[in-house]
Amino acid sequence: MSYSVDRRALLRTAGATAATVALGGTLASCGSGSSGPVTLTWWDYFTLDNFQPGMNRLIKDIESGVPDVKIERRTFPFAELDRQLALAAISGDLPDIAIVDNVAMNTLGGNHLLADLTSRVAKWGQADQYYKGPWDGCQVGGKTLGIPNNSNCLALYYNTRMLKSAGVRPPTTWDELASTAHRLTSGDRYGLALSAIRTEEGVFQFLPFLWQSGGDLDTFGTYGATALSFLHDLIAKGSLSEQCVGWTQQDVNTRFLNQRAALQINGPWQIPTLKKASFDWDVVPLPRDREAATCLGGENWVVTATSRHIDKAWEVLEYTQRPSVLVPYLVSFGDLPSRKDLADQGTWASDPALRLFLSQLPLARPRQYGPHYADASQAVAEAEQAVFTGAASPSGAARTAALRIDKALGKQ
């Protein structure tokens with residue numbers, strides 16, 4: 001799931017504090033050596049009222065289905081969870097279980113805060129049931145440090161009447177996207193809306209363009225310039241508003257709902273709101289350049305390395321992946337499954353829009369770039385801002401960002 005908050009400072013704090021704890025030798029993994037009832041502490045950031053019925057049902061189901069376990073749940077605002085985990089690492093008061101944003105695996109896993117579940121997963125034997133992107137997002141340093149909780153990705157929504165009136169079809173390539181967005185631009189209506197805000201939210205929307213160009217963060221100096229140039233040209237031609245540098249993904253969806261954008265890049269979490277729209281819309285895969293790609297969002301289950309009940313915590317994680325437990329949970333949250341074997345169950349089996357997003361999960365890439373990804377992400381966000389506001393050329397901004405990215409990824 002993506003949110004309109006800046007997580008970089010929190011990730012840097014988590015990394016620094018985790019390193020301090022690791023040096024102190026307090027993060028020794030241990031199994032559950034106790035018998036009898038066990039109370040597991042559980043942290044997450046699902047604070048909104050609409051999430052509570054589904055979460056309460058899940059916990060009740062776990063407590064009735066997993067022998068001798070009780071759950072003690074604590075919630076934090078999204079922007080606070082990583083920081084609270086970092087502080088808890090210092091105090092030695094980490095929870096047993098947490099549900100974390102998948103991008104947080106870079107820092108939490110890279111700084112030894114998470115239990116190694118590799119041997120348990122191997123014995124479990126269900127790793128091959130997951131889509132590659134969500135599963136790869138739980139792998140850090142050759143170890144399995146989590147289990148996917150849910151997944152989402154990005155696709156292209158379009159206003160069907162506007163495309164029909166303009167005599168164009170949904171674009172499938174960058175060239176088609178550019179020409180279609182240009183033809184759909186009229187008056188105060190832009191052809192395309194996307195988020196380029198200076199946070200991880202904007203980077204989440206930019207990375208597919210980088211990957212589609214054939215590049216990645218380690219080749220940003222070349223392929224970053226290609227992606228930045230393509231988007232800058234859309235702004236220069238008036239097909240994309242330069243105000244996108246301040247838009248969250250929710251802002252983008254609002255423009256689409258107000259019919260001030262004919263196309264928008266967004267995720268499946270917007271579908272409940274879009275179903276109330278006064279016009280018809282549909283959704284297709286992101287247009288491709290050299291290759292097809294989209295960005296993986298969602299959450300992972302993790303067990304912390306200091307838990308005294310790792311075996312019991314793993315038993316809980318394993319239980320949550322049973323179809324009879326997982327499907328109702330995902331439906332209640334409006335989420336997509338990370339498991340291929342659930343593709344024909346739940347609301348996503350019959351809803352065409354949800355099925356489209358589900359079909360893109362095999363292409364969805366996780367943001368797994370190591371413990372200093374936050375610094376690389378900041379460099380990408382600042383390159384976008386500089387180019388889209390006219391402060392730098394795409395090639396110049398890409399070269400500047402590449403130096404910082406290489407340092408963050410340990411390439412220098």
Side-chain angles (χ1 to χ4, degrees), residues 133 153-156 170-183 185 190-242 244-245 247 252 263-266 284-296 360 363-369 373 375-409 411-412:
C153 59
L154 294 169
L156 184 73
T172 61
T173 66
W174 279 16
D175 287 343
E176 291 177 4
L177 176 60
S179 62
T180 299
H182 181 68
R183 291 187 63 174
T185 300
Y190 287 91
L192 175 66
L194 57 80
S195 171
I197 196 168
R198 190 177 172 177
T199 68
E200 183 62 29
E201 193 167 357
V203 175
F204 180 71
Q205 292 224 337
F206 176 80
L207 285 175
F209 289 97
L210 174 65
W211 297 327
Q212 290 160 8
S213 73
D216 207 337
L217 288 184
D218 60 357
T219 54
F220 197 85
T222 299
Y223 295 100
T226 300
L228 289 167
S229 293
F230 174 73
L231 294 172
H232 178 260
D233 286 347
L234 294 181
I235 293 175
K237 293 176 181 178
S239 303
L240 171 65
S241 173
E242 67 177 23
C244 67
V245 296
W247 290 347
V252 170
L263 308 166
Q264 70 155 335
I265 293 176
N266 229 311
V284 293
L286 293 178
R288 60 182 295 159
D289 186 38
R290 291 189 177 184
E291 56 188 279
T294 186
C295 197
L296 179 70
Q360 295 305 291
L363 300 174
R365 301 191 191 183
R367 290 157 285 172
Q368 287 295 91
Y369 294 102
Y373 167 71
D375 295 327
S377 176
Q378 183 178 15
V380 173
E382 291 179 3
E384 276 195 277
Q385 295 277 311
V387 171
F388 295 175
T389 60
S393 67
S395 59
R399 286 195 300 270
T400 299
L403 293 174
R404 295 174 58 191
I405 291 170
D406 288 348
K407 182 177 180 181
L409 300 183
K411 302 297 183 181
Q412 293 182 341

For atom CD of Glu242, decide whether the heavy atoms of other residues, nucleotides or ligands shown that lie under 6.0 angstrom number more than 12.
->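 Incorrect, the count does not exceed 12.
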State, yes or no, whether a side-chain contact exists between [X] and [Y] at a heavy-atom distance under 4.5 Å.
X: Val380; Y: Leu217; answer: yes
X: Phe220; Y: Arg404; answer: no
X: Leu177; Y: Leu286; answer: no
X: Pro287; Y: Leu156; answer: yes
X: Leu296; Y: Arg367; answer: no

Rounded to the nearest 0.5 Å, how far apart are [atom1] of [X] and [atom2] of [Y]?
X: Arg290; Y: Tyr223; atom1: CZ; atom2: OH; answer: 4.5 Å
X: Thr389; Y: Glu384; atom1: OG1; atom2: CD; answer: 11.0 Å
X: Ile405; Y: Gln378; atom1: CD1; atom2: CD; answer: 11.0 Å
X: Leu154; Y: Thr294; atom1: CG; atom2: OG1; answer: 4.5 Å
X: Leu210; Y: Asp289; atom1: CG; atom2: CG; answer: 11.0 Å

Just by distance, do the side chain of Glu200 and the backbone of Ala381 share a donor-acceptor pair under 3.5 Å?
->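 No; zero donor-acceptor contacts below 3.5 Å.
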Report the residues that fulfil side-chain contact (heavy atoms from CB on, under 4.5 Å) with [X], sequence neighbours left out, ordered by chain and then residue number.
X: Tyr190; value: Ser241, Arg255
X: Ser229; value: Pro394
X: Gln368; value: Met105, Asn106, Val140, Pro366
X: Ser195; value: Ile197, Glu201, Gln205, Gln249, Val252

Looking at every heavy atom in both [X] and [Y], which two are closest together, and how far apart are they?
X: Leu192; Y: Ile265; answer: CD1-CG1, 4.3 Å
X: Cys295; Y: Ala364; answer: C-CB, 4.4 Å
X: Leu194; Y: Cys244; answer: O-CB, 3.2 Å
X: Asp375; Y: Ala408; answer: CB-CB, 3.9 Å
X: Ala193; Y: Leu240; answer: CA-CD1, 4.2 Å
X: Phe206; Y: Gly224; answer: CZ-O, 4.2 Å

Any side-chain donor-acceptor pair under 3.5 Å between Thr180 and Glu176?
->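 No, no side-chain donor-acceptor contact under 3.5 Å.
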So which pairs with a foot in residues 207-222 pass side-chain hydrogen bond (donor to acceptor under 3.5 Å, both in side chains), sequence neighbours left out?
->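 Output for this query lists Trp174-Gln212, Trp211-Asp216, Trp211-Tyr369, Asp216-Tyr369.
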With sequence neighbours excluded, residues passing salt bridge (Lys or Arg N to Asp or Glu O under 4.0 Å) with Arg288 |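 Arg288 satisfies salt bridge (Lys or Arg N to Asp or Glu O under 4.0 Å) with no other residue.
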